[in-house]
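Remarks on the structure that follows.
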Amino acid sequence: MMRTRPLKVALLGCGVVGSEVARIMTTHADDLAARIGAPVELAGVAVRRPSRVREGIPAELVTTDATALVKRGDIDVVVEVIGGIEPARTLITTAFAHGASVVSANKALLAQDGAALHAAAEEHGKDLYYEAAVAGAIPLIRPLRESLAGDKVNRVLGIVNGTTNFILDKMDSTGAGYQEALDEATALGYAEADPTADVEAFDAAAKAAILAGIGFHTRVRLDDVYREGMTEVTAADFRSAKEMGCTIKLLAICERSKDGASVTARVHPAMIPLTHPLASVRGAYNAVFVESDAAGQLMFYGPGAGGAPTASAVLGDLVAVCRNRLNGATGPGESAYAALPVSPMGEVVTRYHISLDVADKPGVLAQVATVFAEHGVSIDTVRQQGKDGEASLVVVTHRASDASLSGTVEALRKLDTVRGVASIMRVEGE
Ligand SMILES: NC(=O)C1=CN([C@@H]2O[C@H](COP(=O)(O)OP(=O)(O)OC[C@H]3O[C@@H](n4cnc5c(N)ncnc54)[C@H](O)[C@@H]3O)[C@@H](O)[C@H]2O)C=CC1
Ligand SMILES: N[C@@H](CC=O)C(=O)O
Ligand code: NA
């Protein structure tokens, strides 16, 4: 039976995502009410620039005082789509203290302070949902937290940042320049307010922390995630990748160790074979593989960024939280009981593609090969191209630890015959 008293929603932030949340709440109001069992009312919208015209949002709902809005006491659900650490963090904890549950898309905040936010939600008996925080529209948090709660997740690997996938795709398929592609991604509403978060992979690292935390029932914070951005990926890297039958993607990889006693989480550009399903993920789409004991390999694919896709995930959470509210219940909170240690990057084992500028003279190849052997890094293939006394040497290794590879590169740099290390890229997905 439909309850007549509406559930009241406070929207914090009305930018790319917030404006789409408001639009869907208005246009789908009847369906949402039917699915929840009570009408949902937009009770207030906190913004920074009140003079901006916001189609479909009555002016009397707009306020610049987000704190007063979350303190009202009659708000059932606060939807936080402001982004950043503060004031979002204080607004969320204030909302819990004043009786509201929270839906957020804020991966930066969750990766930094997720534990404290979950604790605050639990203390006040409220929900904290954040499906939109990882991989936009793709249902991933809920499947990991609920559908796979009976299985053992061993690996989560995928593309979790739409902006950088858009840029890399453009660079690869059209030869577009980095800045041109980034400007387009920003105009399309994919990039973070400060796109450094995207291109330097802070955003992907935050998402990796959240996925590892939920997947491995272990607290993983942003600082635990090894991070390399994609600003140094060049057209030459794409050419090298093509020669190997690969392309380049920014990947997030979270793994349980073989003995199950620890986990690792990392984000970095990597070469992947063109035959791998991740190679054909285009534009701002994301795709994530989850590997678990019983289920085997699952793939989640869809739009990873943009106003409407992200709002879809926010609305899904809003419906779930409203249903919980009507039932006097809460959904699952944080599960960090396994408390596994997060191992350093040095322990990660993978393959590497290394491009060296060397002197083109007899014995160089043998010298280089000796350095690899001395560090226990086995070479799979070597390709040499010489020109005017200089040469480029491309080495692809078998699987080796990151620590061994770093030691190898350090020693290579000290060789007189090695003029420079042009690029080092991990090779994944084989
Ligand atoms: N745009 C996207 O594709 C996705 C965004 N997200 C996350 O959603 C959140 C929002 O992102 P966007 O909508 O893209 O950003 P945005 O920058 O377009 O919107 C944020 C809005 O919040 C407003 N704001 C800032 N401080 C405020 C305050 N103190 N009170 C009221 N309003 C304030 C800003 O003026 C802006 O309009 C972020 O956490 C972002 O990481 C998550 C998934 C995808
Ligand atoms: N800036 C992010 C937005 C979604 O999380 C991205 O590009 O993926
Ligand atoms: Na999602």
Side-chain angles (χ1 to χ4, degrees), residues 10-22 44-52 54 62-70 78-92 103-112 129-145 158-168 182 185-207 210-211 214 230 250 252 267 283-288 300-317:
L11 181 61
L12 310 184
C14 198
V16 171
V17 179
S19 57
E20 283 298 307
V21 170
V45 182
V47 302
R48 205 164 39 182
R49 286 180 290 272
S51 54
R52 187 185 282 179
R54 292 177 174 84
V62 174
T63 174
T64 52
D65 193 346
T67 305
L69 181 57
V70 300
V78 166
V79 174
E80 184 276 307
V81 278
I82 288 175
I85 305 302
E86 285 292 357
R89 173 172 49 197
T90 304
L91 289 167
I92 290 175
V103 173
S104 174
N106 195 336
K107 51 270 167 137
L109 177 58
L110 284 152
Q112 182 175 307
Y129 275 46
Y130 44 90
E131 182 60 74
V134 181
I138 307 173
L140 193 55
I141 301 290
R142 203 105 42 97
L144 275 173
R145 196 155 72 163
I159 296 166
V160 295
N161 182 273
T163 302
T164 48
N165 199 61
F166 183 89
I167 298 171
L168 291 170
L182 172 57
T186 304
L188 289 164
Y190 304 148
E192 294 302 298
D194 176 359
T196 311
D198 296 292
V199 299
E200 293 297 355
F202 289 100
D203 181 77
K207 291 163 174 168
I210 295 169
L211 292 174
I214 298 174
M230 49 68 68
L250 184 78
V267 294
Y285 275 69
N286 287 182
V288 179
F300 298 84
Y301 171 77
T310 307
S312 163
V314 170
L315 264 295
D317 280 353

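First listed ligand is number 1; within each ligand, the first listed atom is number 1. A quick note: this is a predicted structure, and the numbers were derived from the prediction, not measured.
- The shortest N or O to N or O distance between G18 and ligand 1 is not below 3.5 Å.
- When each atom of ligand 2 is checked for a heavy atom of Y190 under 4.0 Å away, the hits are 1 (N), 2 (C), 3 (C), 6 (C), 7 (O).
- Vertex the Na ion (ligand 3); arms to E131 O and G136 O; angle rounded to 10 degrees, 100°.
- Taking a 4.0 Å cut-off on heavy atoms, V47 registers as neighbouring ligand 1.
- Looking at A88 against ligand 1, nothing comes within 4.0 Å, counting heavy atoms.
- Considering only non-hydrogen protein atoms, atom 5 (O) of ligand 2 sits nearest to K107 NZ, 2.6 Å.
- Counting only non-hydrogen atoms, the option in A193, A105, A308, A46 that gets closest to atom 7 (C) of ligand 1 is A105.
- Only the side chain of T310 comes within contact range of ligand 1, with a heavy atom under 4.0 Å; no backbone atom does.
- For the pair T163 and ligand 2, the shortest N or O to N or O distance falls below 3.5 Å.
- Contact check on K107 versus E192 returns a salt bridge, with a Lys/Arg side-chain nitrogen under 4.0 Å from an Asp/Glu carboxylate oxygen.
- By the 3.5 Å distance cut-off applied to N or O atoms, A133 is not counted among the residues near ligand 2.
- Every atom of ligand 2 is numbered from 1 in the order shown, and the set under 4.0 Å from a heavy atom of E192 is 1 (N), 2 (C), 3 (C).
- Look at A132 and the Na ion (ligand 3): no N/O/S atom of the residue is under 3.0 Å from the metal.
- Contacts of D198 with ligand 2, taken as heavy-atom pairs under 4.0 Å, involve the side chain alone.
- At a cut-off of 3.0 Å, V134 is counted among the residues with an N, O or S atom near the Na ion (ligand 3).
- For ligand 2 and G304, the ligand atoms under 4.0 Å from any heavy atom of the residue are 4 (C), 5 (O), 8 (O).
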